[in-house]
Amino acid sequence: MYAVIKSGGKQHRVTPDELLKVELLKAEQGDTITIEDVLMVVDGTDIKIGQPLVAGARVEAEVVEHGRGEKVRIVKHRRRKHYHKEQGHRQWYTLLKIKSINA
């Protein structure tokens, strides 16, 4: 069984007992959250596709931790113009443990 959910403007395919990194959510560590934005649920041969969301479907997840991802280097350079700029970015994330998928 798996589901496709929407979180932080992205779509994620999740299964029970999976660890998932999503954009930062406003929830405390150890809290249980319910994700209502379920786009598709697949259980064997039974497939439910929402238009745009599956009615009554939800995913239960536990917040494991908050953190920051790996540093991404941004380099802008113009040849022969004496222009060179470097910048770094670390995105905040929330690590979720998927508990159950309720269709």
Side-chain angles (χ1 to χ4, degrees):
M1 176 179 223
Y2 70 89
V4 177
I5 62 170
K6 182 173 70 171
S7 176
K10 299 175 182 71
Q11 296 179 9
H12 304 279
R13 180 183 187 268
V14 297
T15 57
D17 298 326
E18 177 185 0
L19 291 175
L20 175 69
K21 278 187 183 179
V22 296
E23 298 286 325
L24 186 66
L25 299 174
K26 294 187 182 206
E28 295 295 322
Q29 186 173 349
D31 286 352
T32 300
I33 61 170
T34 303
I35 300 170
E36 303 280 335
D37 296 335
V38 180
L39 304 172
M40 182 172 75
V41 177
V42 176
D43 188 11
T45 59
D46 183 30
I47 300 171
K48 295 179 186 173
I49 299 175
Q51 296 180 357
L53 302 175
V54 177
R58 63 186 186 278
V59 174
E60 303 283 332
E62 178 185 351
V63 176
V64 177
E65 68 176 7
H66 298 290
R68 296 184 80 180
E70 294 295 317
K71 181 175 271 195
V72 178
R73 305 287 296 161
I74 299 113
V75 179
K76 297 180 180 181
H77 179 76
R78 296 282 178 251
R79 62 184 191 160
R80 301 186 305 270
K81 303 296 181 194
H82 294 111
Y83 175 75
H84 182 82
K85 181 179 179 182
E86 291 191 23
Q87 187 177 359
H89 176 74
R90 291 182 70 194
Q91 184 67 37
W92 285 96
Y93 69 85
T94 299
L95 185 65
L96 299 176
K97 180 175 172 75
I98 305 299
K99 287 184 168 182
S100 65
I101 298 171
N102 301 320

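Side chains included, hydrogens not; waters and symmetry mates left out as well; all remaining heavy atoms used.
For residues 80-103, the set of pairs meeting the ring pair (Phe, Tyr, Trp, His ring centres under 6.0 Å) definition, not counting sequence neighbours, comprises His77-His84. Pairs engaging residues 36-54 under the side-chain hydrogen bond (donor to acceptor under 3.5 Å, both in side chains) rule: none recorded [sequence neighbours left out].
Met1 and Leu96 fall within a single hydrophobic cluster, where Ile, Leu, Val, Met, Phe, Trp and Tyr side chains are chained together by heavy-atom contacts under 4.5 Å. In the hydrophobic cluster analysis, where Ile, Leu, Val, Met, Phe, Trp and Tyr join through side-chain heavy atoms closer than 4.5 angstrom, Val42 is grouped apart from Val38. Hydrophobic clustering, with ILVMFWY side chains joined whenever heavy atoms are under 4.5 angstrom apart, groups Val59 together with Val63. Hydrophobic clustering (ILVMFWY, side-chain heavy atoms < 4.5 Å, transitive): Ile49 and Leu53 are in one cluster.
Nearest heavy-atom pair, Leu39 versus Pro52, reported as atom, atom and distance to 0.1 Å: CD2-O, 3.3 Å. The shortest non-hydrogen separation linking Val75 to Glu86 is CG2-CG, 4.0 Å. Taking all atoms of both residues into account, the shortest heavy-atom contact from Arg58 to Thr34 is CD-CG2, 3.6 Å. The two atoms that bring Tyr2 and Thr15 nearest to each other are CB-CG2, 3.6 Å, heavy atoms only. Scanning both residues, Val41 and Ala103, for their nearest heavy atoms gives CG1-CB, 3.8 Å. The minimum heavy-atom distance linking His66 with Leu25 is given by the pair CE1-O, 3.5 Å.
A donor-acceptor contact shorter than 3.5 Å is absent between the side chain of Arg90 and the backbone of Glu70. Formation of a donor-acceptor pair under 3.5 Å by the Gln29 side chain with backbone atoms of Val64 is found in this model.
Atom CE in Met40 sits 9.0 Å away from atom CD in Gln11 (nearest 0.5 Å). Expressed to the nearest 0.5 Å, how far CD of Glu60 lies from NZ of Lys99 amounts to 7.5 Å. Annotation: the span from Glu65 atom CD to Lys21 atom NZ amounts to 7.5 Å, rounded to 0.5 Å.
Using a 4.5 Å heavy-atom threshold, the side chains of Ile5 and Val22 count as separate. At least one side-chain heavy atom of Gln91 sits less than 4.5 Å from a side-chain heavy atom of Glu23.
In this structure, Arg73 places its CZ atom where more than 12 heavy-atom neighbours from other residues, nucleotides or ligands lie under 6.0 Å away.
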